[in-house]
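No experiment lies behind these values; they were computed from the predicted model shown. Starting from 1, each residue takes its place in the sequence as its number. Note that ligands are numbered from 1 as they come in the structure, with each ligand's atoms numbered from 1 the same way.
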Amino acid sequence: MKIGVLALQGAFIEHEKMLRHLGADPVQVRLPEHLEGLDGLIIPGGESTTIGKLATSYGLIEPLRAFAQQHPTWGTCAGLIFLAKDIGIEDQPILGVMDVKVNRNAFGRQVDSFEVDIPIKGLEGEPFHAVFIRAPLVEAVQADTDVIGTLADGRIVAVRQRHLLGTAFHPELTNDPRFHQLFLDLVAKSNESL
Ligand code: GLN
């Protein structure tokens, strides 16, 4: 399986490592033509404003949007912000393909980063060790969106809407490949149904 990893800024190398470990073939995406022939795409964490600016200057916004509308795409942290339809900010370039409302800096500066184990719907075994770094929160979802992970108080941190996956945390910064495997399973299923 050829999985693109948007490689403009942020934690893309860690995603590539995880994908390779699981036997998939990661492809760095920096230009529109790099999207050709990919089975799925991961948009990493980093800084969503920077990712948006760079994607605009490389002519990637439209091609990425078209890709994510049709193919399995997973956004982690800044990647989730980039996928979302509503981030409460008008002039930041985003793809706007996933029907979720995201609060970009929901935890504020006081709680810059934290780690917590959370159960994830669809992942067997122990709760997933989730690493949050200046993380966003999902504040509203549509009826067709599956909330697959929340904090203990119910705040939403992992969602799936059809072929789109979003996590407020960073599974690529752990040694646990289960989340990446979940995404690869989603890609395999979507290939079957084509
Ligand atoms: N708060 C950052 C943003 O707005 C996201 C942080 C991250 O990806 N770790 O893009």
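The closest side-chain heavy-atom distance from Gln9 to Lys53 is not below 4.5 Å.
Side-chain contact of His21 with His180: a donor-acceptor pair under 3.5 Å is absent, judged by distance alone.
Taking the six-membered ring where the residue is Trp, Phe128 and Phe169 present tilted rings, their angle falling between 30° and 60°.
For the side-chain hydrogen bond (donor to acceptor under 3.5 Å, both in side chains) test, residues two or more places apart in sequence or in another chain that qualify with Lys121 are Asp146.
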For ligand 1, list all ligand N or O to protein N or O distances below 3.5 Å, rounded to 0.1 Å.
{"residue": "ligand 1", "atom": "1 (N)", "partner": "Asn105", "partner atom": "OD1", "Å": "3.1"}
{"residue": "ligand 1", "atom": "1 (N)", "partner": "Arg134", "partner atom": "O", "Å": "2.8"}
{"residue": "ligand 1", "atom": "4 (O)", "partner": "Ser48", "partner atom": "OG", "Å": "3.2"}
{"residue": "ligand 1", "atom": "4 (O)", "partner": "Arg104", "partner atom": "NE", "Å": "2.7"}
{"residue": "ligand 1", "atom": "4 (O)", "partner": "Arg104", "partner atom": "NH2", "Å": "2.8"}
{"residue": "ligand 1", "atom": "8 (O)", "partner": "Gly46", "partner atom": "N", "Å": "2.9"}
{"residue": "ligand 1", "atom": "8 (O)", "partner": "Gly46", "partner atom": "O", "Å": "3.0"}
{"residue": "ligand 1", "atom": "8 (O)", "partner": "Ala78", "partner atom": "N", "Å": "3.0"}
{"residue": "ligand 1", "atom": "9 (N)", "partner": "Ile133", "partner atom": "O", "Å": "2.9"}
{"residue": "ligand 1", "atom": "9 (N)", "partner": "His170", "partner atom": "NE2", "Å": "3.0"}
{"residue": "ligand 1", "atom": "10 (O)", "partner": "Ser48", "partner atom": "N", "Å": "2.5"}
{"residue": "ligand 1", "atom": "10 (O)", "partner": "Ser48", "partner atom": "OG", "Å": "2.9"}

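The CZ atom of Arg178 lies 12.0 Å from the NE2 atom of His129; values are rounded to the nearest 0.5 Å.
Ion pairing of Glu47 with Arg134 is present here, as a side-chain N (NZ or NE/NH1/NH2) and a carboxylate O approach within less than 4.0 Å.
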